[in-house]
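Below is one structure, written out as structure tokens; the observations come after it.
As the structure is a prediction and not an experimental result, all values here were calculated from the model.
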Amino acid sequence: MDRNAFVEVMNEASGMLEAGLADEALARLTAFDDGLDVAPEPKDYGWIVSYRFRSAFAAGDYAQALHLAERGPARFPADIPPATMATMYSMAVEAATQQGLPDSAVTMADRCIELRRSHGEHAEVLMAAMTACTLLGDMERHDLASRYAQLLITEGVGHDDYRGYGYYALCAAIESGVGAHLIDTLRAGREWLESQDNEFARVALEYLENAPALREPLIVNLDLANPLGNGAPTPDPLSGNAPQPGAAGADVPLSDPLAAPDSMQTQYLRVGDGAPHIAAGPQQPPAEQIAGGETADALMDANRPGIAASAYRALIDDAVGTGRPDPLIMGKATLGLLTALIFDNRVGEAHSVWIDEHGPTYLGIWSLENGQTSVHDAIAYNLVAAFLHSLSTGDPNAANHAVDSLMTRNLDWAYENDPQAIPAMINTWRRHLHEIHSGEPAPEYRWQLTQAEQRWGQPIPDGGLYWMRPYRWVIDWV
């Protein structure tokens, strides 16, 4: 092999990768590799193979990347440094999951962990286990992910974040129905979980204490006719009129309980900087319940809606269990639960929560509809309610009217508070009417939408449904 040509190609490929030109780097390395007639030095060829792997992975050619890591080079011997090889194995776990190959992902994860362990790299062992656990969990293969969760628990002593994540992943396995054998492990970790303050440990402890799979069903006895006792509800902050409980559309059936929004296209916006907020003045909800709400929101941010839904349910049960459920906590937790269920493709379950007049979430709906949360959260709830109305199989006129009313109110708020959201809201409104009428509605059914489009005065392209990130868990809006 021409040594100068080798150095030139490697420098070129490195520069291409740094510039984000992975396809070009892969093509250059492949052409050079294919042109070799004589076996290079194993160390030199090791660099060629490792760079081909990196380029293939970065270019999205996961099949080639996985092949190189799983089977090694086909043509010549290659000497790849252990640390580089371990990194390749770890990246190959993702290459496998991207192709829907969980067994190959397990093989690559085990090779990485074995190699890291043989070189005494304990922290890297935990990182590899956490990577495998996360990626397999994303595939809903919690039966395989739980192997690595147990490793994190048993070998993560002194590494609290990794160990906390292990318990968190056990909860996911139990919740998905494949972790019954792990319940004792989770229960045995109670004392350690209680001593921790990291996010994953806190979620695991909340799940341990509240999950239906781990306890007897909670018996709730609420006075639903007067859920806040003698407290007088404040007026609806959006219209000045206090809607009656149950106005969410309890008589509206759901068209397809398995249907879900285009959640992969949605716009899900953050509000605030996430920093702790201390408000003076109005009495705030219990601090531990605020922390539970913030944790559930963080799970939504991390694209874990299934676990987030469990966290919101646990928070609702906690609030009810005090005997004096805080209306802000109930409203925001119910809003979070509805959103999480929708994003987890459990729209039928979300609809059931929305129309339930006998369970604890009824108080949450009441709070959202009667001004017990911020105006921002009321608008976020309107978006959820409009979506659920759009799936009605009942009277299309009634569903159309409900969506028109909610989206008109949302736009009035957006013009004053968030003008950049207006086009996305109008597009969402348009999509809801198309859903109700199974296509373009007649002019008389889109009259209010037409007025809104004319008021905006600019073309609005088609896009995904619009959702709003909830407001902070604090009362600073009274």
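Residues Arg141 and Val106 are not in side-chain contact: their nearest non-hydrogen atoms beyond the backbone lie 4.5 Å or more apart. Side-chain contact between Leu101 and Thr97 is absent, with no heavy atoms from C-beta onward closer than 4.5 Å. Looking at Trp473 and Ile329, their side chains come closer than 4.5 Å, going by heavy atoms from C-beta outward. At a threshold of 4.5 Å between non-hydrogen side-chain atoms, the residues Leu186 and Cys171 count as touching. At least one side-chain heavy atom of Ile426 sits under 4.5 Å from a side-chain heavy atom of Ile422. Counting heavy atoms from C-beta on, the side chains of Leu66 and Met108 come closer than 4.5 Å. Between Leu406 and Leu383, every side-chain heavy-atom pair lies at or beyond the 4.5 Å cut-off. Annotation: side chain of Leu391 is in contact with side chain of Val347 (closest heavy-atom distance under 4.5 Å).
Neither side chain, Glu94 nor Tyr62, offers a donor N or O lying under 3.5 Å from an acceptor on the other. Judged by distance alone, the side chains of His376 and Asn417 never bring a donor and an acceptor atom under 3.5 Å apart. Looking only at atom types and distance, the side chain of Asp404 has no donor-acceptor partner in the side chain of Trp447 under 3.5 Å away. Side-chain contact annotation: Glu175 with Tyr207, donor-acceptor N/O pair under 3.5 Å present. Residues Tyr312 and Asp297 have side chains that bring a donor and an acceptor to within less than 3.5 angstrom of each other.
In this structure, Ser352 contributes its side chain and Gly348 its backbone to a donor-acceptor pair below 3.5 Å. With hydrogens and angles disregarded, no donor-acceptor distance shorter than 3.5 Å links the side chain of Ser405 to the backbone of His401. Between the side chain of Asn427 and the main chain of Gly464, a donor-acceptor pair closer than 3.5 Å is present. Checked by atom type and distance alone, the side chain of Ser392 never pairs as donor or acceptor with a backbone atom of His389 at under 3.5 Å. No donor-acceptor pair closer than 3.5 Å links the side chain of Ser146 to the backbone N or O of Ala149. The closest donor-acceptor contact from the side chain of Asn400 to the backbone of Tyr445 lies under 3.5 Å. Side chain of Asp143 to backbone of Val178: no donor-acceptor contact under 3.5 angstrom is found. In terms of modelled atom types and a separation under 3.5 Å, the side chain of Lys332 and the main chain of Gly364 share no donor-acceptor contact. The closest donor-acceptor contact from the side chain of Thr428 to the backbone of Ala424 lies under 3.5 Å. Between the Gln372 side chain and the Trp366 main chain, no donor and acceptor come within less than 3.5 Å of each other.
To the nearest 0.5 Å, the span separating CZ on Arg187 from CD on Glu209 amounts to 12.5 Å. The CG atom of Asp138 lies 9.5 Å from the CD atom of Gln98; values are rounded to the nearest 0.5 Å. The OG atom of Ser90 lies 14.0 Å from the CZ atom of Arg111; values are rounded to the nearest 0.5 Å. Atom CE of Met330 and atom CG of Leu368 lie 10.0 Å apart (nearest 0.5 Å). Taken from CD1 in Ile379 to CG in Asp418, the straight-line distance is 10.5 Å, to the nearest 0.5 Å. To the nearest 0.5 angstrom, Ser367 atom OG is 8.5 Å from Asp326 atom CG.
Between Glu349 and Arg313 a salt bridge is recorded (basic side-chain N to carboxylate O distance below 4.0 Å). Looking at Asp161 and Arg163, no side-chain N of the basic residue comes within less than 4.0 Å of a carboxylate O on the acidic one, giving no salt bridge. Ion pairing between a basic and an acidic side chain is recognised when a charged N comes within 4.0 Å of a carboxylate O; Glu124 and Arg117 show no such pairing.
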**Q.** Verdict with supporting geometry, Asp317 and Asn210, side chain to side chain donor-acceptor pair (under 3.5 Å)
**A.** CA-CA 7 Å; Asp317 288 346; Asn210 298 286; over 6 Å; no
Q: Evaluate the salt bridge (Lys or Arg N to Asp or Glu O under 4.0 Å) criterion for residues Arg430 and Glu435: first the C-alpha distance (whole Å), next the side-chain angles of each, then the deciding distance (0.1 Å), finally the verdict.
A: CA-CA 9 Å; Arg430 182 170 60 203; Glu435 179 69 29; over 6 Å; no
Q) What's the verdict on side chain to side chain donor-acceptor pair (under 3.5 Å) for Glu369 and Tyr381, showing C-alpha distance, side-chain angles and the deciding distance? A) CA-CA 9 Å; Glu369 293 181 347; Tyr381 170 70; 2.9 Å; yes
Q. Run the side chain to side chain contact (heavy atoms under 4.5 Å, CB included) check on Val474 and Leu328 step by step: do they pass?
A. CA-CA 8 Å; Val474 65; Leu328 177 76; over 6 Å; no
Q) Under the side chain to side chain contact (heavy atoms under 4.5 Å, CB included) criterion, do Leu170 and Ile153 qualify, and how do the steps go? A) CA-CA 10 Å; Leu170 286 193; Ile153 292 169; 3.4 Å; yes
Q | Full working for side chain to side chain contact (heavy atoms under 4.5 Å, CB included) between Val125 and His119 | A | CA-CA 10 Å; Val125 167; His119 285 79; over 6 Å; no
Q.
side chain to side chain contact (heavy atoms under 4.5 Å, CB included), that's the test. Do Leu363 and Thr334 meet it? Break it down for me.
A. CA-CA 9 Å; Leu363 176 55; Thr334 301; over 6 Å; no
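Crowding of Met127 atom CE: a count of heavy atoms from other residues, nucleotides or ligands under 6.0 Å not exceeding 12. Annotation for His122: atom NE2 counts as buried by contact number, over 12 foreign heavy atoms lying within 6.0 Å. Around CD of Glu444, the count of heavy atoms belonging to other residues, nucleotides or ligands within 6.0 Å exceeds 12. Heavy-atom neighbours of Glu114 CD from other residues, nucleotides or ligands within 6.0 Å: at or below the threshold of 12. Counting heavy atoms of neighbouring residues, nucleotides and ligands inside a 6.0 Å radius, atom CD of Glu191 does not exceed 12 of them.
Note: His432 and Phe387 have tilted aromatic rings, judged against thresholds of 30 and 60 degrees for the angle between ring planes.
In this view, Tyr148 and Asp110 satisfy the side chain to side chain donor-acceptor pair (under 3.5 Å) rule, not counting sequence neighbours. For Arg202, the salt bridge (charged side-chain N to carboxylate O under 4.0 Å, His left out) test picks out no residue, with sequence neighbours left out. Every residue two or more places apart in sequence or in another chain that forms a side chain to side chain donor-acceptor pair (under 3.5 Å) with Thr450 is listed here: Arg446. Under the side chain to side chain donor-acceptor pair (under 3.5 Å) criterion, Asp412 pairs with Arg455, sequence neighbours left out. Qualifying side chain to side chain donor-acceptor pair (under 3.5 Å) partners for Gln448, counting only residues two or more places apart in sequence or in other chains: Thr408.
Judged as a ring-ring contact (aromatic ring centres under 6.0 Å, His included), the pairs with a partner in residues 168-203 (not counting sequence neighbours) are, in order, Tyr165-Tyr168, Tyr165-Phe200, Tyr167-Trp192, Tyr168-Phe200.
Between His351 and Trp354, the distance separating the two ring centers is shorter than 6.0 angstrom.
The minimum heavy-atom distance linking Val93 with Ala109 is given by the pair CG2-N, 3.5 Å.
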